[in-house]
There are 2 protein chains.
Amino acid sequence: MSAVRNTKQKQLVLSLLKNSGRPMTAGEIYRLAVQQYPNIAKSTVYRNLENLVSRGEVSQGMHQNGESFYSIADENRHLHYMICKGCKMMIDFPKCPLSNVEREIAKSSGFYVTGHSLQIYGYCKNCRDKAKI
Amino acid sequence: MSAVRNTKQKQLVLSLLKNSGRPMTAGEIYRLAVQQYPNIAKSTVYRNLENLVSRGEVSQGMHQNGESFYSIADENRHLHYMICKGCKMMIDFPKCPLSNVEREIAKSSGFYVTGHSLQIYGYCKNCRDKAKI
DNA sequence: ACTGTTATTGCAACTCATTTTCAATAAGCC
DNA sequence: GGCTTATTGAAAATGAGTTGCAATAACAGT
């Protein structure tokens with residue numbers, strides 16, 4: 001009974017994500033993947049990403065337009081991002097103010113928290129200096 | 001020079017949102033709107049929502065699948081939601097832990113924060129009692 | 001109230017991320 | 001090597017949201 005198979009495509013998606021030091025959308029990953037493996041299908045990239053997320057190896061966030069982005073999960077760091085509306089750069093925001101809050105919620109309302117989604121939007125120093133804002 | 005016109009469609013969208021005590025997606029609003037105004041167009045609903053959001057009368061959030069939801073903006077309350085993965089109910093979560101954090105960010109990194117997106121996911125008391133979790 | 005201007009609408013076609021279907025392929029246990 | 005079946009590629013489908021454009025209706029000026 002082999003449950004999970006370790007395919008070239010899966011390895012490729014994971015390695016692209018590991019080598020890029022930043023979060024990427026499925027589209028970006030697909031475009032890079034095609035360069036190394038020309039006939040990989042878009043659906044394969046999506047399926048592998050979904051798989052990696054559900055296994056906890058990759059974590060998933062969302063842009064303002066509803067597009068998902070993916071990054072290697074790091075069990076030691078719970079990470080959010082500040083996203084610059086000028087240059088779209090995503091800056092790590094490791095200080096999550098929610099862990100305490102979640103405990104309070106559970107206690108007071110009986111709501112069992114499984115996770116949360118947090119993104120901070122604005123303009124990075126660079127874009128502000130360039131007079132964009 | 002009349003800049004903004006007060007159309008029946010706009011009034012309808014706003015009143016549906018006011019009467020429903022909860023956030024709704026554009027699709028939900030459209031389905032309700034059609035009942036009262038059978039040939040209102042989907043695009044009209046979207047355009048009015050966009051308009052109301054940019055004027056600050058309505059605030060916008062996002063579900064895990066990328067779909068937007070809308071609710072009447074209340075200038076006195078900065079609001080987030082806890083979203084139950086069982087019954088999809090959205091529960092107000094008025095205590096936002098970010099205002100202080102945002103100030104710190106600006107000071108330490110030069111990032112100018114314009115806003116943030118925060119949702120908390122889990123299971124409400126009701127769904128937990130029904131042994132769903 | 002009547003008229004002209006133009007913001008807004010309805011409709012249909014479009015975009016674009018993501019999902020699904022299904023036959024063909026290839027991991028990996030024997 | 002052969003067999004089973006998880007996974008793939010390709011193409012079509014889905015669904016939220018957007019856009020182009022001619023028709024409509026708000027509303028300011030008269």
Side-chain angles (χ1 to χ4, degrees), chain A residues 1-17 23-55 57-71 83 88 90 117 119, chain B residues 1-17 23-55 57-71 83 88 90 117 119:
Chain A
M1 263 166 275
S2 69
V4 176
R5 290 178 189 177
N6 194 23
T7 65
K8 289 181 179 116
Q9 294 89 333
K10 190 173 293 180
Q11 289 168 28
L12 179 54
V13 167
L14 198 54
S15 81
L16 286 171
L17 221 35
M24 292 192 290
T25 65
E28 289 173 324
I29 295 168
Y30 171 64
R31 262 168 261 134
L32 288 178
V34 167
Q35 291 175 19
Q36 293 188 40
Y37 199 111
N39 60 353
I40 192 172
K42 223 179 347 167
S43 52
T44 299
V45 172
Y46 276 101
R47 281 186 283 228
N48 278 315
L49 285 170
E50 185 191 346
N51 206 282
L52 289 163
V53 168
S54 75
R55 282 168 50 190
E57 294 190 53
V58 165
S59 59
Q60 182 176 13
M62 198 175 280
H63 287 296
Q64 271 178 313
N65 61 1
E67 199 176 357
S68 287
F69 58 79
Y70 302 87
S71 56
I83 304 175
K88 311 298 177 197
M90 300 178 69
S117 159
Q119 274 91 236
Chain B
M1 265 169 276
S2 68
V4 175
R5 289 178 191 177
N6 195 23
T7 64
K8 289 183 180 115
Q9 293 90 333
K10 189 173 296 181
Q11 289 168 29
L12 179 54
V13 167
L14 199 53
S15 82
L16 286 171
L17 221 34
M24 290 192 290
T25 65
E28 288 174 324
I29 295 168
Y30 171 65
R31 259 167 263 135
L32 289 177
V34 166
Q35 291 176 18
Q36 293 189 41
Y37 199 111
N39 60 352
I40 192 171
K42 214 177 7 156
S43 52
T44 299
V45 173
Y46 276 100
R47 282 187 280 231
N48 278 317
L49 285 170
E50 185 191 346
N51 206 282
L52 290 163
V53 168
S54 75
R55 283 168 51 190
E57 294 189 54
V58 165
S59 57
Q60 183 175 14
M62 196 177 282
H63 285 297
Q64 270 178 314
N65 61 1
E67 200 176 355
S68 287
F69 57 79
Y70 303 85
S71 57
I83 304 174
K88 311 297 177 199
M90 299 177 70
S117 160
Q119 276 89 235

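Remember, it's a predicted structure, so these values are computed and weren't measured experimentally. Letters A, B, ... are given to chains in the order of the sequence lines, protein chains preceding strands, and every chain is numbered from 1.
The interatomic distance linking Leu12(B) (CG) with dT8(C) (C1') rounds to 15 Å, in whole Å. Straight-line distance from the CG atom of Leu49(B) to the P atom of dT9(C): 11 Å, rounded to whole Å. Across the protein-nucleic acid pair, His63(B) atom NE2 and dT18(C) atom C1' stand 18 Å apart, rounded to whole Å. The distance between atom CD of Gln9(A) and atom P of dA6(D), rounded to the nearest whole Å, is 16 Å. Per the geometry, NZ belonging to Lys8(A) stands 13 Å off C1' belonging to dG28(C), to the nearest Å. Look at CZ on Phe69(B): it is 17 Å from C1' on dG17(D), rounded to the nearest Å. Counting to the nearest Å, the C1' atom of dA17(C) and the CD atom of Gln60(A) are 12 Å from each other. If you take CG of Asn6(B) and P of dA28(D), they are 11 Å apart, rounded to a whole angstrom.
Using a 4.0 Å cut-off on heavy atoms, the residues of residues 26-40 of chain A that approach DNA chain D are Tyr37(A), Asn39(A), Ile40(A), listed by number.
Put simply, the side chain of Glu67(A) does not reach to within 4.5 Å of the side chain of Glu28(A), judged on heavy atoms. Inter-residue side-chain proximity for Val58(A) and Leu14(A) is flagged as met; some heavy-atom pair is nearer than 4.5 Å. Looking only at side-chain heavy atoms (C-beta outward), His63(B) and Thr25(B) come within less than 4.5 Å of each other. Using a 4.5 Å heavy-atom threshold, the side chains of Leu49(B) and Leu17(B) count as touching.
Taking the side chain of Glu67(A) as heavy atoms from C-beta on, and the options dG9(D), dT9(C), dA17(C), the nearest nucleotide is dA17(C).
Note that CZ of Phe69(A) and CD1 of Ile83(A) are 5.0 Å apart. Values are rounded to the nearest 0.5 Å. Here the OG-CD distance, from Ser117(A) to Gln60(A), works out to 10.0 Å after rounding to the nearest 0.5 Å. The structure places CZ of Arg31(B) at 12.5 Å from CG of Leu16(B), a figure rounded to the nearest 0.5 Å. How far OH of Tyr70(B) is from CD of Glu57(B): 14.5 Å, rounded to the nearest 0.5 Å. Summarising the geometry, atom CD belonging to Gln9(A) is positioned 5.5 Å from atom CD1 belonging to Ile40(A); distances are rounded to the nearest 0.5 Å.
In terms of phosphate contacts, Tyr46(B) brings a side-chain nitrogen or oxygen within less than 4.0 Å of OP1 or OP2 of dG17(D). Side-chain N/O atoms of Asn51(A) include none lying less than 4.0 angstrom from OP1 or OP2 on dT7(D). Between Thr44(B) and dG10(C) there is a side-chain polar atom (N or O) within less than 4.0 angstrom of OP1 or OP2. Between dA6(D) and Thr7(A), no contact under 4.0 Å exists linking OP1 or OP2 to a side-chain N or O.
As judged by a 4.0 angstrom heavy-atom cut-off over every strand, Asn65(A) is placed among residues making no nucleic acid contact. Among the atoms of the strands shown, base atoms are found under 4.0 Å from some heavy atom of Lys42(A).
Remark: side-chain polar atoms of Asn51(A) are not paired, donor with acceptor, to backbone N or O of Arg47(A) under 3.5 angstrom. Side chain of Gln119(B) to backbone of Met62(B): a donor-acceptor contact under 3.5 angstrom is found.
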_Pairs counted only when both distances fall under 3.5 Å, Watson-Crick or G-U: show me the 5' to 3' dot-bracket for DNA chain D, [ ] for pseudoknotted crossings and | for other-strand partners._
||||||||||||||||||||||||||||||

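Closest approach of Tyr30(A) and Ala41(A) over heavy atoms only: CE1-C, 3.9 Å.
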Using the 3.5 Å cut-off, write out each protein N or O paired with an N or O of nucleotides 20-25 of chain D and the distance between them.
residue, atom, partner, partner atom, Å
dG20(D), O6, Arg47(B), NH1, 3.4

